[in-house]
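Step one of this worksheet: look at the structure below.
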Amino acid sequence: MTARLIDGNALAREVRAEVAGRTAALRTRGVNPHLAIVLVGDNPASQVYVRHKMADSEATGLAATLHRLPSDTPEPALLGLIARLNADPTVHGVLVQLPLPDGLDARAVISAIDPRKDVDGFHVANAGALATGLPGFRPCTPWGCLRMLDAIGLALRGLQAVVIGRSNIVGKPMALMLLERHATVTICHSATADLAALTRQADVLVAAVGRRHLVTADMVKPGAVVIDVGMNRVPDGEPGAGRLCGDVDFEAVRDVAGWITPVPGGVGPMTRAMLLANTIEAAERQTA
Ligand code: NAP
């Protein structure tokens with residue numbers, strides 16, 4: 001069997017087109033949907049992510065403002081900026097790029113964002129809303145994964161889903177979203193005994209670890225849907241050194257799986273697109 005590809009780039013284009021349409025509709029009502037991004041310090045990867053977020057926003061007609069602060073910014077100053085953005089009715093989404101420099105408490109900072117503007121979906125109020133089945137903002141990466149499963153028409157009810165990874169931004173919310181759709185969900189992590197025995201049961205397997213080739217072909221049930229969230233680099237000395245790769249041994253697993261997401265071109269573009277979807281949602285809710 002050769003798995004069919006779930007094309008994250010194509011699906012992300014669809015999401016962006018939807019967002020662009022909704023943005024245009026809000027503008028006709030005089031609302032200018034606006035995302036504020038806060039970047040503290042000069043982490044090179046964060047700078048790249050923020051550039052993408054700004055460019056994506058502008059390409060879909062959303063206004064985006066970048067607030068850059070030096071890495072030695074005292075926490076009260078950062079909290080003060082967030083308070084001003086929370087209070088500003090022209091700002092609909094507030095995102096603080098993580099990780100924060102040492103000395104700043106990410107939990108306290110995220111908690112300071114108004115949950116109605118928390119387009120990353122990381123605030124405890126939004127995490128709690130997901131856990132208890134209430135509406136709220138869903139974290140962009142698992143939200144994008146769910147959208148990919150919907151795009152292939154997968155009915156999750158009654159399926160066995162296995163999520164590898166239990167972070168607050170990917171693994172846990174992914175598991176909750178699958179549970180909300182009536183899948184039977186197993187969450188695996190670094191202390192899981194016999195990971196392969198569990199993954200082999202999975203109709204839907206989500207890998208969100210950050211370890212290249214963690215998921216090998218013998219760990220995958222024939223026909224399964226495999227979603228690869230991992231972002232790793234091929235190590236020096238190997239063919240394709242430096243290239244982006246996922247957690248799944250793509251070439252081998254595609255012969256076993258029914259559907260598979262590539263890396264790059266899978267979950268990454270969907271994560272970016274779902275931030276735009278959350279931002280337009282925030283603008284619509286605040287101006288309804
Ligand atoms: P994280 O916070 O480091 O969490 C990794 C999880 O993997 C942890 O729960 C850890 O278990 C588990 N784990 C580690 N080794 C394991 C093993 N051998 N077997 C089973 N589980 C194991 O990472 P994250 O933020 O969730 O991100 C995960 C990956 O997704 C990374 O590669 C990241 O770059 C990528 N990512 C991609 C996107 C995208 O848009 N494509 C977005 C976000 C993240 P413990 O909890 O026991 O430590």
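Each ligand, and each atom within it, is numbered from 1 in the order the structure gives.
- Of all the atoms in ligand 1, the ones that sit under 4.0 Å from a non-hydrogen atom of Ile169 are 25 (O).
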Under 3.5 Å donor-acceptor pairs involving side-chain atoms of residues 246-255, not counting sequence neighbours:
from: Asp247; atom 1: OD1; to: Gly210; atom 2: N; distance (Å): 3.1
from: Asp247; atom 1: OD1; to: Arg211; atom 2: N; distance (Å): 2.8
from: Asp247; atom 1: OD1; to: Asn232; atom 2: ND2; distance (Å): 3.0
from: Asp247; atom 1: OD2; to: Val209; atom 2: N; distance (Å): 2.7
from: Asp247; atom 1: OD2; to: Gly210; atom 2: N; distance (Å): 3.1

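- Each of Ile260 and Met148 belongs to its own hydrophobic cluster when Ile, Leu, Val, Met, Phe, Trp and Tyr are linked at side-chain heavy-atom distances under 4.5 angstrom.
- If you check the side chains of Thr65 and His34, you find a donor sitting under 3.5 Å from an acceptor.
- The closest approach between any non-hydrogen atom of Thr192 and ligand 1 is not below 4.0 Å.
- Of the heavy atoms in Met270, none comes closer than 4.0 Å to ligand 1.
- When the shell of 6.0 Å around CZ of Arg157 is examined, it contains 12 or fewer heavy atoms from other residues, nucleotides or ligands.
- Nearest protein neighbour of atom 34 (O) of ligand 1, counting heavy atoms only, is Met231 CB, 3.6 Å.
- Minimum interatomic distance between Val220 and Arg200 (heavy atoms only, all atoms of both residues): N-CG, 4.3 Å.
- Of the protein's non-hydrogen atoms, His189 O, 3.8 Å is the one closest to atom 19 (N) of ligand 1.
- Considering both main-chain and side-chain atoms, Ile164 never comes within under 3.5 Å of ligand 1 through any nitrogen or oxygen pair.
- By the criterion of side-chain heavy atoms lying less than 4.5 angstrom apart, applied directly or through intervening Ile, Leu, Val, Met, Phe, Trp or Tyr residues, Leu35 is not grouped with Leu81; the two fall into different hydrophobic clusters.
- Taking distance alone, with nitrogen or oxygen atoms compared against 3.5 Å, Thr271 approaches ligand 1 more closely than that limit.
- Counting the atoms of ligand 1 from 1 in the order shown, those under 4.0 Å from a heavy atom of Gly165 are 6 (C), 7 (O), 9 (O).
- The shortest contact between atom 42 (C) of ligand 1 and any protein heavy atom is with Thr141 OG1, 3.2 Å.
- Looking only at protein heavy atoms, the nearest one to atom 3 (O) of ligand 1 is Val209 O, 4.3 Å.
- The shortest heavy-atom distance from Gly171 to ligand 1 is not under 4.0 Å.
- Scanning the protein for heavy atoms near atom 26 (O) of ligand 1, the closest one is Ser167 OG, 2.5 Å.
- In this structure, Arg116 forms no cation-pi arrangement with Phe137, as its terminal cationic atom is not both closer than 6.0 Å to the ring centre and no more than 45° off the ring axis.
- Here the protein heavy atom with the shortest distance to atom 46 (O) of ligand 1 is Arg166 NE, 2.7 Å.
- In this view, Glu75 satisfies the salt bridge (Lys or Arg N to Asp or Glu O under 4.0 Å) rule with no residue, not counting sequence neighbours.
- Cluster membership for Leu198 and Val229, using ILVMFWY side-chain heavy atoms within less than 4.5 angstrom, is not shared.
- Under 3.5 Å, the side chains of Lys221 and Gln160 contain no donor-acceptor pair of N or O atoms.
- Among all non-hydrogen protein atoms, the one lying nearest atom 44 (C) of ligand 1 is Val170 CG2, 4.0 Å.
- Using a 4.0 Å cut-off between heavy atoms, Val229 contacts ligand 1 through both its backbone and its side chain.
- When the heavy-atom distances from atom 31 (C) of ligand 1 to Gly144, Pro142, Gly210, Ser190 are ranked, the shortest goes to Gly210.
- Heavy atoms of other residues, nucleotides or ligands lying less than 6.0 angstrom from CH2 of Trp259 number more than 12.
- Near Gly268, with a cut-off below 4.0 Å to any heavy atom, the atoms of ligand 1 are 40 (O), 41 (N).
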